[in-house]
Amino acid sequence: MNFRDDFVWGAATSSYQIEGAQDEGGKGPHLWDEYVKEKNDKIFENQRGDTSCDHYHRFREDVALMKELGLKAYRFSVDWTRIIPEGTGKVNEEGIAFYDALIDELVANDIEPYLTLFHWELPMELYKRGGWMNPQMPEWFAAYAALIADRFSDRVKNFFTINEPQCFVGLAFSEGVHAPWLQLPNSQTLLMSHNALKSHGRAIQELRAHARQPLTLGFAPTSGIALPATEKPEDIEAARQAYFGIPQEGTWAWNTSWWSDPVILGHYPDEFLRHFWKELPKITDEDLKIISQPIDIYGQNIYLGYPVRMGDDGKPELLSRNTGYAKSASNWPMTPDCLYWGPKFLYERYKKPLFITENGLACHDWVHLDGKVHDSSRIDFTARYLKSLSRAAAEADIRGYFAWSLMDNFEWAEGFGQRYGLVFVDFQTQRRIPKDSAYWYREVIRTNGECIEG
């Protein structure tokens, strides 16, 4: 295996998906709180995340599980409304105390905290004022980031600003499959994207300005990876072009370069500017200076890929998947090569140290008659993906891997119907049961990947 000696092995969660306690501790309402109540027919079996994994009350038990599983790092998000209930203004010290205690527990157990500022919990009071379309949003987010740094950066040195803008803009406001389930015109969602990226840049500025120790800063977009049909140079080039170009399927939001070029290269991609010029917001040089504040690490959430070859016309051609292709319980295809080609293409273009900030799969998990959870498919999946990541690590600067997820949780529109966790959660009793994959992953961590066979 090609993993560095100091490779970071961890697991990830997000606040709304595990915390519960939605009406406790002075927390304010966010977009998902409100819209799951109002439109819960959009969620699998009308489920809600009000209690979820009850991590708010059980975090010490959960950190003990992390310790048992040998995790070196834990990536979690802070719920903006738990510490600033209305998004701006009064700080909720009870919420600060919760995250203080969580961070202290992680540090005491030698688990490095990786803190994400925003994993989709948009304060309702800010949404009522236009949310990501409001030009004040970058300043609201900057003030939030400054508070995070003031209170937590004495113990937390690794931060990601925003998680998967493709989802909280694209799925929520273009495709209408996440809260608030809207399908808005490109002119509005492109404005949201620009303000989200400005918010990222202002957060980087404020985290550095308020840092209480040297910090390592980044952000964590996602993408489906274009996979070359063969390793012929022309197919590799076709995949590269498809990956960074305008998506041939889905909305404009499902791309890589629109979200990452301005952050790392300092400009939006020319192809997008030409294609969407009638619908773009005003973009100034000052905006781009804010967006392109230097980052130290680049996160990427990677789950799947799609096959591409070079067409006879010299343009990338999307291919159909093979009949009977392997897929997860969420019907996502199993494409291990995405953890080779994705990091390879990203590092070629951006030259930034890379973290796989999420990777995993949903399985049909249950407690067997022996009281254990046997998830051999998750072990096989992860082994295949990590072998591809090891191949990429021979060509790119890859610093770490975070399994999605530490535990089964509320999977947004899929409710509790999909289980991604290394740890099984009985949502009636809140009992935690580490799955076979959790103990397998512990051995992967102990051996720095050398135990992976095949």
> Which distance, rounded to the nearest 0.5 Å, do you find between the CD of Glu286 and the NZ of Lys198?
Replying inline: 9.0 Å

>> Would you say Asn301 and Asn163 are linked by a side-chain donor-acceptor pair, where the criterion is simply a distance under 3.5 Å?
In response: yes

>> Run Trp120 and His30 through ring-ring contact (aromatic ring centres under 6.0 Å, His included) and show every step you take.
In response: CA-CA 9 Å; Trp120 313 353; His30 58 60; over 10 Å; no

> Among side-chain atoms of Gln166 and Glu164, is any donor-acceptor pair under 3.5 angstrom?
Replying inline: no

> So Phe118 and Trp132, ring-ring contact (aromatic ring centres under 6.0 Å, His included) or not? Walk me through it.
Replying inline: CA-CA 13 Å; Phe118 184 77; Trp132 296 108; 5.3 Å; yes

>> If we count only N and O atoms by modelled type, under 3.5 Å, do the side chains of Asp337 and Thr335 hold a donor and an acceptor together?
In response: no

> Which atoms form the tightest heavy-atom contact between Tyr350 and Ser257, and what is the distance?
Replying inline: OH-CA, 3.7 Å

>> Salt bridge check, Asp365 against Lys435: does any charged N sit closer than 4.0 Å to a carboxylate O?
In response: yes

> What do the steps show when you test Trp181 against Trp412 for ring-ring contact (aromatic ring centres under 6.0 Å, His included), and what is the final call?
Replying inline: CA-CA 12 Å; Trp181 293 283; Trp412 308 108; over 10 Å; no

>> Would Arg321 pass as a cation-pi partner of Tyr325, given that its NZ or CZ must be under 6.0 Å from the six-membered ring centre and within 45 degrees of the axis?
In response: yes

> Between Cys338 and Gly305, which heavy-atom pair has the shortest distance, and what is it?
Replying inline: CB-N, 4.1 Å

> At what distance, to the nearest 0.5 angstrom, does CD of Gln300 lie from CG of Leu346?
Replying inline: 5.0 Å

>> Given the ring of Phe244, does Arg349 sit roughly above its face, with NZ or CZ under 6.0 Å from the centre of the six-membered ring and within 45° of the axis?
In response: yes

>> Ring-plane angle category for Phe272 and Trp258, please: parallel below 30°, perpendicular beyond 60°, tilted otherwise.
In response: tilted

>> Looking at every heavy atom in both Leu71 and Ala11, which two are closest together, and how far apart are they?
In response: CD1-CB, 3.8 Å

> Would Phe152 and Phe159 satisfy ring-ring contact (aromatic ring centres under 6.0 Å, His included), going step by step from the backbone distance to the final call?
Replying inline: CA-CA 10 Å; Phe152 305 133; Phe159 292 85; 8.4 Å; no

> Which class fits the ring pair Phe345 and Trp341: parallel under 30°, tilted 30 to 60°, perpendicular over 60°?
Replying inline: tilted

> Do you know which two heavy atoms are closest between Asp408 and Val425, and how far apart they sit?
Replying inline: OD2-N, 3.4 Å

> What orientation do Tyr303 and Trp332 show, parallel under 30°, tilted 30 to 60°, or perpendicular over 60°?
Replying inline: perpendicular

> Of all heavy-atom pairs between Leu191 and Met133, which one has the smallest distance, and what is that distance?
Replying inline: CD2-O, 3.8 Å

> Shortest non-hydrogen contact from Gln213 to Asp154?
Replying inline: NE2-O, 3.2 Å

>> Could you work out, with side-chain contact (heavy atoms from CB on, under 4.5 Å) as the rule, every residue matching Lys72, not counting sequence neighbours?
In response: Trp9, Ile445

> Counting only heavy atoms not in Asp285, do more than 12 fall under 6.0 Å of its CG?
Replying inline: no

> With respect to Ser15, which candidate in Arg82, Glu121, His55 satisfies the side chain to side chain donor-acceptor pair (under 3.5 Å) definition?
Replying inline: Glu121

> After noting the C-alpha distance and the side-chain angles of Glu24 and His57, does the key distance pass the side chain to side chain donor-acceptor pair (under 3.5 Å) rule?
Replying inline: CA-CA 10 Å; Glu24 295 183 49; His57 298 109; 2.9 Å; yes

> For the residue pair Phe168 and Phe173, is the inter-centroid distance of their aromatic rings smaller than 6.0 Å?
Replying inline: no

> Partners of Ala203 by side-chain contact (heavy atoms from CB on, under 4.5 Å), sequence neighbours excluded?
Replying inline: Leu117, Phe141, Ala145, Thr161

>> Cation-pi check for Tyr347 against Lys344: NZ or CZ below 6.0 Å from the six-membered ring centre and within 45 degrees of the axis, yes or no?
In response: no

>> For Thr116 and Arg75, which I'm curious about, is there any donor-acceptor pair between the side chains at under 3.5 Å?
In response: yes

> Using 30° and 60° as the class limits, which term best fits the ring planes of Phe416 and Phe427: parallel, tilted or perpendicular?
Replying inline: tilted

> Is there a donor-acceptor contact under 3.5 Å from the side chain of Asn92 to the main chain of Gly25?
Replying inline: yes

>> Over 60° means perpendicular and under 30° means parallel, so tell me whether Tyr114 and Phe402 are parallel, tilted or perpendicular.
In response: perpendicular

> Distance under 6.0 Å and angle within 45° of the ring axis: does Arg399 meet both against Phe7?
Replying inline: no

> Is it true that Phe410 and Tyr16 have ring centroids separated by less than 6.0 Å?
Replying inline: yes

